[in-house]
Amino acid sequence: MMTQRLATRPELFKNDRICFLNTNITQFWERDWPKYQRCQMLPPNSLDWYFGNLPKSQPTRKRWGYDVDDLFIPLNIKNKHWVALHVFIPNRHITIYDSMVDWLDDAQMDLLVEPYAVMMPNLMHSAAQAEDKCVYFDAKYTHSRPSKDVSQQIGSGDCGVFVLKYLECLAVGYAAFPKTLCQKNISMFREQIAYDLYHEINCRGPVEDPDDWENVYLYDEKL
């Protein structure tokens, strides 16, 4: 949905040098990480992701680094939790946004993010033009998981909604997450996401205007 919105309404986003990746890439890269550690063989279709040919349903044709600065990725952890990854290519850094920072300690999170911190720069170095390999060198990306001013959930079951809203806020260009991105409003955010899905992927909902999203809609100038 966000990829389609970026293609059709780019004015809503901070710029056009961003890319949303779906969970297919994380599934393959997590699966093939042990093989990469043995022989440094990148997962299948890595170049297609790099050149923006995947996913096939919504290819961007944007090349990481050359056409894209920001990669936004939802990451599933053990089928129990979701976090958001923001890969900022110019700074060679991955920021992890986690709505339950106490659920997993930093050492465990480091291991989960390592495949992307290692394989992404390797892929970009391998695929870069000869004269640019010194820019896209293959040293490991740094990463961090901030907790200050990152909205936290209460209880379980809402991490996916928080991840979607984290990524949306970052892509729109918020310098800090709005105070309205909080547990109190999570039910309204769920309804808003459902509405957006129906209307932005041509699976239309009611013709009437949606419920009043005041103070929760990210593109509302009132925020």
Side-chain angles (χ1 to χ4, degrees), residues 1-33 35-37 39-76 83-98 109-146 163-164 166-175:
M1 182 189 74
M2 296 304 296
T3 300
Q4 180 167 319
R5 183 179 289 173
L6 177 60
T8 57
R9 302 189 66 191
E11 71 278 3
L12 295 176
F13 296 87
K14 64 176 186 176
N15 57 53
D16 63 353
R17 293 183 59 83
I18 65 178
C19 182
F20 297 95
L21 303 181
N22 65 27
T23 56
N24 286 342
I25 189 171
T26 61
Q27 292 170 354
F28 285 120
W29 282 33
E30 180 180 346
R31 182 199 66 185
D32 293 341
W33 172 235
K35 184 177 180 180
Y36 177 87
Q37 291 177 297
C39 60
Q40 289 202 327
M41 182 177 293
L42 289 164
N45 299 324
S46 291
L47 281 174
D48 286 320
W49 287 103
Y50 169 79
F51 281 106
N53 297 325
L54 288 177
K56 290 183 179 179
S57 59
Q58 293 177 319
T60 64
R61 313 299 185 200
K62 292 182 179 181
R63 186 178 183 180
W64 298 357
Y66 292 86
D67 307 308
V68 174
D69 292 329
D70 301 86
L71 297 172
F72 298 116
I73 313 169
L75 176 64
N76 183 264
V83 297
L85 303 184
H86 174 204
V87 183
F88 189 52
I89 296 171
N91 285 1
R92 302 176 55 82
H93 187 77
I94 301 173
T95 306
I96 307 153
Y97 293 97
D98 187 351
M109 185 62 74
D110 289 347
L111 293 175
L112 292 168
V113 176
E114 188 174 12
Y116 313 99
V118 172
M119 289 194 288
M120 281 187 167
N122 182 282
L123 169 60
M124 295 181 65
H125 177 76
S126 300
Q129 298 174 11
E131 63 271 22
D132 296 327
K133 288 187 182 293
C134 60
V135 177
Y136 301 110
F137 53 97
D138 61 357
K140 180 179 177 180
Y141 281 6
T142 58
H143 64 271
S144 61
R145 181 171 54 153
V163 163
L164 292 175
Y166 290 155
L167 296 178
E168 190 175 9
C169 286
L170 293 166
V172 169
Y174 276 79

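Atom CD of E168 and atom CE of M2 lie 4.5 Å apart (nearest 0.5 Å). Going from atom CG of L123 over to atom CG of L42 covers 5.5 Å, rounded to the nearest 0.5 Å. Note: W49 CH2 to M120 CE = 10.0 Å, rounded to the nearest 0.5 Å. A distance of 10.0 Å separates CZ of F28 from OG of S46, quoted to the nearest 0.5 Å. From Y174, atom OH reaches atom OH of Y166 across 15.5 Å, with rounding to the nearest 0.5 Å. Between the CD atom of Q37 and the CE atom of M119 there is a distance of 8.5 Å, given to the nearest 0.5 Å.
In terms of heavy atoms, A127 sits closest to K133 at N-NZ, 4.4 Å.
Of the possible polar contacts, none joining the H143 side chain to the T95 backbone as a donor-acceptor pair under 3.5 Å is found.
Aromatic ring centroids of F72 and H86 lie under 6.0 Å apart.
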Sequence neighbours left out, cut at 3.5 Å: what donor-acceptor pairs do the side chains of residues 15-27 make with other protein atoms?
unit_1 : atom_1 : unit_2 : atom_2 : d
N15    : OD1    : R17    : N      : 2.8
R17    : NE     : D69    : OD1    : 3.4
R17    : NE     : D69    : OD2    : 2.8
R17    : NH1    : Y66    : O      : 3.1
R17    : NH2    : G65    : O      : 3.1
R17    : NH2    : Y66    : O      : 3.4
R17    : NH2    : D69    : OD1    : 3.0
N22    : OD1    : N24    : N      : 2.9
T26    : OG1    : T23    : O      : 2.8

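Here salt bridge (charged side-chain N to carboxylate O under 4.0 Å, His left out) pairs that include residues 46-64, with residues two or more places apart or in two chains, number zero.
Under a cutoff of 6.0 Å and an axis angle of 45°, R5 and F13 do not form a cation-pi pair.
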